[in-house]
Each structure stands twice: as structure tokens, then as C-alpha cells.
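Nothing here was measured: the structure is a model prediction, and the numbers come from that model.
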Amino acid sequence: MKKICIYLNEYPASIEVAKELEERFHALGIETVRHDINSNAIFEGQVDFNIVVGGDGTFLKAVTLSNYSKKPFIGINTGGLGFFQEVKRHELASLVHHITVDKYTTNPTRLLKCTAYRTDGSSVEYLCVNEVLVKGLNSKVLHMDVMIGDNFLERFSGDGLIISTSIGSTAYNFSVGGAIVYPAFEIMQLSPLAPISSASYRSLLNSVVMPGRFEVILSPETKYEKGIMIVQDGTEHLIENIDRIVTTMSDVFINRLHIDEDSYWSNLRDKFI
């Protein structure tokens with residue numbers, strides 16, 4: 001007996017889709033439970049599948065509210081771009097059938113781990129599906145030393161830096177001219193926001209793609225310690241007295257469910273071309 005959690009936002013289209021899903025699953029004797037992402041509450045129940053109804057923001061929040069569940073996730077798009085949401089509204093019957101007869105594939109997706117170390121020795125850690133953005137508070141220019149492991153890369157000056165996963169390469173990274181990376185590749189991509197290249201600061205103007213085993217270490221100049229914003233998959237965190245920010249691939253992963261293994265290419269074409 002399967003049990004399914006349906007995550008959704010408050011929009012009427014999402015509520016209608018959730019209701020239809022419940023009716024279709026209940027007719028087959030499959031239990032469902034709804035979880036409103038606007039509650040900001042962690043879902044504590046045990047389920048076999050996670051279905052997310054909404055847009056990409058809903059999907060990202062559902063992953064967090066599931067406490068990074070290992071059970072498969074699949075999205076139904078009722079929002080705008082919806083790159084994570086590979087199922088269209090008219091495909092609900094097909095989705096229910098594929099889940100019922102176990103006709104699907106799952107792909108593990110590892111999350112980024114971003115750890116901000118304060119000058120007093122304390123730290124705070126964030127997990128990210130798409131990306132972490134480090135930027136100046138109130139849109140101020142940010143100056144940072146950038147290390148890749150033990151290797152000094154640059155003295156960055158600009159609005160900020162995005163560190164994205166392959167999944168996140170089609171999110172904020174894409175909008176600033178970063179490369180699109182197929183999701184099967186376990187990489188991190190470092191992309192600059194409005195970089196400045198001058199006699200004092202030599203910033204790369206393009207993104208850098210690297211294996212996920214590396215660490216990206218950002219060390220802000222002292223006068224910027226109190227003015228740094230860390231944005232975790234769109235959620236802002238103001239961290240004061242930062243000494244350094246270390247980002248690498250974590251040991252945490254989620255499983256994305258696919259009913260069509262070739263859907264990535266059609267999704268890429270339909271969303272961006």
C-alpha cells in the first residue's frame with residue numbers, strides 16, 4: 001500500500017490539481033496527505049512518494065519541509081517557468097498510472113553544503129538544491145578572496161558570486177550567463193555577478209565549472225564582515241562577522257522521479273527556446 005504526500009502552494013490552480021490527484025489515488029486505494037508549504041512546518045509523516053504542485057519555488061521549499069526526504073520527488077507545474085515541474089496538468093492520469101504500476105526511474109541529486117564560519121569560531125550550515133548566492137548587503141559591492149581548495153583563484157570584486165549545482169545551472173546561474181550542465185554530472189559552477197576587473201581586483205568575467213569534490217572558500221575583506229547576505233535557494237540569511245564561507249557537495253541527496261527519461265531535453269527546449 002503506497003502513501004503519497006502532496007505539497008502545494010495556496011494558488012487555486014494548485015488546489016484544484018491536488019484535489020484531482022487525491023480523487024484519482026483514492027479511487028485506487030492509495031492514501032494521500034496534503035502539506036501546505038506556506039505553513040513552514042516540517043512534514044513529520046512517513047510516505048512513499050512526494051508530489052509537488054506549483055512552481056520551482058514550491059519544489060525547493062517542499063524539499064526543505066520534507067527534511068530532505070529520500071523518497072522520490074516529482075513536480076506538477078501550475079506556476080510560471082517550472083523547470084523542476086516536469087508533469088503538465090493534463091498528464092495527471094498518466095502520472096498516477098506510472099506511480100501505481102511502478103513504471104518510472106529515479107535519479108539521485110546531491111545537495112550543496114554551504115558553511116559560514118564567524119570570527120568567534122561559531123558556524124552555520126545550509127543545504128541547497130540549486131545554488132548558494134553570496135552578495136553584499138543592500139546591493140553594496142563585495143570584495144572577497146576566492147580559493148578553490150588550497151589554490152588561490154582571484155581577488156573578487158563585484159555584486160556577488162553564485163555557486164550552483166548541475167540541477168541549479170538552469171536557475172539563477174543561467175540568468176547571469178553561466179553554462180547549462182546536464183543533471184547527471186556532479187559539479188559545482190562558480191558564476192560572478194557584475195564582476196569588476198581593475199588594477200586592485202582581478203575578477204574572472206565568466207563562470208568556472210569544477211568537480212564536486214572541491215571546496216570553494218570565500219574570505220571577505222574585514223570591512224565587509226558585517227555586510228554579507230547568503231541566499232540559500234532564494235531564502236536570504238544575514239550573517240554577521242563572517243570569517244569565511246566554505247561550499248562543497250554534501251552527503252545529502254534527494255531522489256527525483258521521472259516518468260520519461262528524455263524529458264530533460266524537451267523541458268529545456270520548451271522552457272528556454
Side-chain angles (χ1 to χ4, degrees), residues 2-38 43 47-66 69 71-109 129-131 164-175 180-184 233-234 254-273:
K2 296 180 174 68
K3 184 175 181 180
I4 295 168
C5 183
I6 301 173
Y7 293 87
L8 71 158
N9 56 34
E10 77 280 11
Y11 294 110
S14 299
I15 295 171
E16 290 175 9
V17 167
K19 182 179 179 181
E20 182 177 343
L21 283 171
E22 289 168 341
E23 291 173 350
R24 289 182 179 276
F25 281 122
H26 293 171
L28 298 170
I30 297 173
E31 185 181 354
T32 64
V33 58
R34 285 194 196 189
H35 195 73
D36 184 353
I37 65 159
N38 296 294
F43 178 70
V47 295
D48 300 294
F49 296 92
N50 299 289
I51 298 179
V52 184
V53 184
D56 284 346
T58 306
F59 189 95
L60 294 171
K61 193 166 184 181
V63 169
T64 301
L65 295 183
S66 76
S69 169
K71 299 301 182 180
F73 283 86
I74 192 165
I76 300 170
N77 189 26
T78 60
L81 184 62
F83 195 83
F84 278 117
Q85 316 297 79
E86 71 173 60
V87 177
K88 300 179 178 62
R89 186 169 179 176
H90 68 270
E91 298 173 326
L92 296 186
S94 176
L95 171 63
V96 170
H97 171 73
H98 280 79
I99 288 178
T100 303
V101 301
D102 296 322
K103 188 178 179 182
Y104 54 83
T105 59
T106 57
N107 292 323
T109 298
V129 178
N130 269 349
E131 78 275 311
S164 62
T165 62
S166 56
I167 290 290
S169 69
T170 51
Y172 199 173
N173 170 77
F174 177 77
S175 70
I180 294 175
V181 182
Y182 189 74
D233 284 336
I254 60 169
N255 286 300
R256 296 180 63 210
L257 185 153
H258 304 282
I259 57 177
D260 178 3
E261 289 191 76
D262 295 325
S263 62
Y264 176 81
W265 301 110
S266 58
N267 208 16
L268 187 65
R269 181 195 63 236
D270 293 344
K271 304 299 182 182
F272 295 121
I273 300 176

Open item on the list: Run the side chain to side chain donor-acceptor pair (under 3.5 Å) test against Ser69 and tell me which residues pass, sequence neighbours left out.
Closed with: Asn50

Task: Point-to-point distance, once rounded to the nearest 0.5 Å, from CG of Asn77 to CD of Glu91 - done: 10.5 Å

- [ ] Would you mind reporting whether Phe73 and Val52 have side-chain heavy atoms less than 4.5 Å apart?
- [x] yes

Open item on the list: If the condition is side chain to side chain donor-acceptor pair (under 3.5 Å), which residues does His97 pass it with, not counting sequence neighbours?
Closed with: none

Task: Short side-chain donor-acceptor distance under 3.5 Å, Thr32 and His26 - done: yes

TODO: State the CD1-OG1 distance between Ile167 and Thr109, to the nearest 0.5 angstrom.
DONE: 4.5 Å

Task: Pairwise side-chain contact, Leu8 with Thr58, heavy-atom cut-off 4.5 Å (strictly under) - done: no

Task: Tyr172: ring-ring contact (aromatic ring centres under 6.0 Å, His included) partners, not counting sequence neighbours - done: none

Task: Residue list, side chain to side chain donor-acceptor pair (under 3.5 Å) with Asn130, at least two apart or on another chain - done: none

Task: Basic-acidic side-chain contact under 4.0 Å: Asp56, Lys61 - done: no

TODO: Nearest 0.5 Å please: distance from the CG atom of Asn255 over to the CD1 atom of Ile74.
DONE: 12.5 Å

Task: Side chain to side chain, His35 and Ile6, heavy atoms closer than 4.5 Å - done: no

Open item on the list: Return the OG1 to CD1 distance between Thr64 and Ile37, rounded to the nearest 0.5 Å.
Closed with: 10.0 Å

- [ ] Hey, can you tell me if Trp265 and Tyr182 have their rings parallel, tilted or perpendicular (30° and 60° cut-offs)?
- [x] parallel

Task: Derivation and outcome, side-chain contact (heavy atoms from CB on, under 4.5 Å), residues Ile4 and Asp48 - done: CA-CA 6 Å; Ile4 295 168; Asp48 300 294; 5.8 Å; no

Open item on the list: Restricting to salt bridge (Lys or Arg N to Asp or Glu O under 4.0 Å), what partner residues turn up for Glu16, sequence neighbours left out?
Closed with: Arg89

Task: Pairwise distance CG(Leu92) to CD1(Ile51) - rounded to 0.5 angstrom - done: 8.5 Å

Task: Contact check, side chains of Tyr104 and His258, non-hydrogen atoms, under 4.5 Å - done: no

- [ ] Mind checking side-chain contact (heavy atoms from CB on, under 4.5 Å) for Tyr11 and listing every partner two or more places apart, or none if nothing turns up?
- [x] Asn9, Ser14

- [ ] Starting at CG of Asp36, measure out to CG of Leu65 and round the result to the nearest 0.5 Å.
- [x] 9.5 Å

- [ ] Work out which heavy atom in Gly234 is nearest to a heavy atom in Glu131; give both atom names and the distance.
- [x] N-OE2, 4.3 Å

- [ ] Looking only at non-hydrogen atoms, find the nearest pair between Ser66 and Tyr7 and report the distance.
- [x] CB-OH, 3.2 Å

Task: Those residues that, when tested against Phe174, pass side-chain contact (heavy atoms from CB on, under 4.5 Å) (two or more places apart) - done: Ile180, Phe272

Show every donor-acceptor pair shorter than 3.5 Å between a side-chain atom in residues 18-25 and any protein atom, with sequence neighbours excluded, or say none if there are none.
| from | atom 1 | to | atom 2 | distance (Å) |
| --- | --- | --- | --- | --- |
| Glu20 | OE2 | Arg24 | NE | 3.1 |
| Glu20 | OE2 | Arg24 | NH2 | 3.2 |
| Glu22 | OE1 | Arg34 | NE | 3.4 |
| Glu22 | OE1 | Arg34 | NH2 | 3.1 |
| Glu22 | OE2 | Arg34 | NE | 2.6 |

Task: Non-hydrogen side-chain atoms of Asp233 and Val129 separated by less than 4.5 Å - done: yes

Open item on the list: Restricting to side chain to side chain donor-acceptor pair (under 3.5 Å), what partner residues turn up for Lys71, sequence neighbours left out?
Closed with: none

TODO: State which residues pass ring-ring contact (aromatic ring centres under 6.0 Å, His included) with His98; sequence neighbours excluded, sorted by chain then number.
DONE: none

TODO: Determine, step by step, whether Cys5 and Phe43 satisfy the side-chain contact (heavy atoms from CB on, under 4.5 Å) criterion, reporting the C-alpha distance in whole Å, the side-chain angles of both residues, the deciding distance to 0.1 Å, and the verdict.
DONE: CA-CA 9 Å; Cys5 183; Phe43 178 70; 4.1 Å; yes

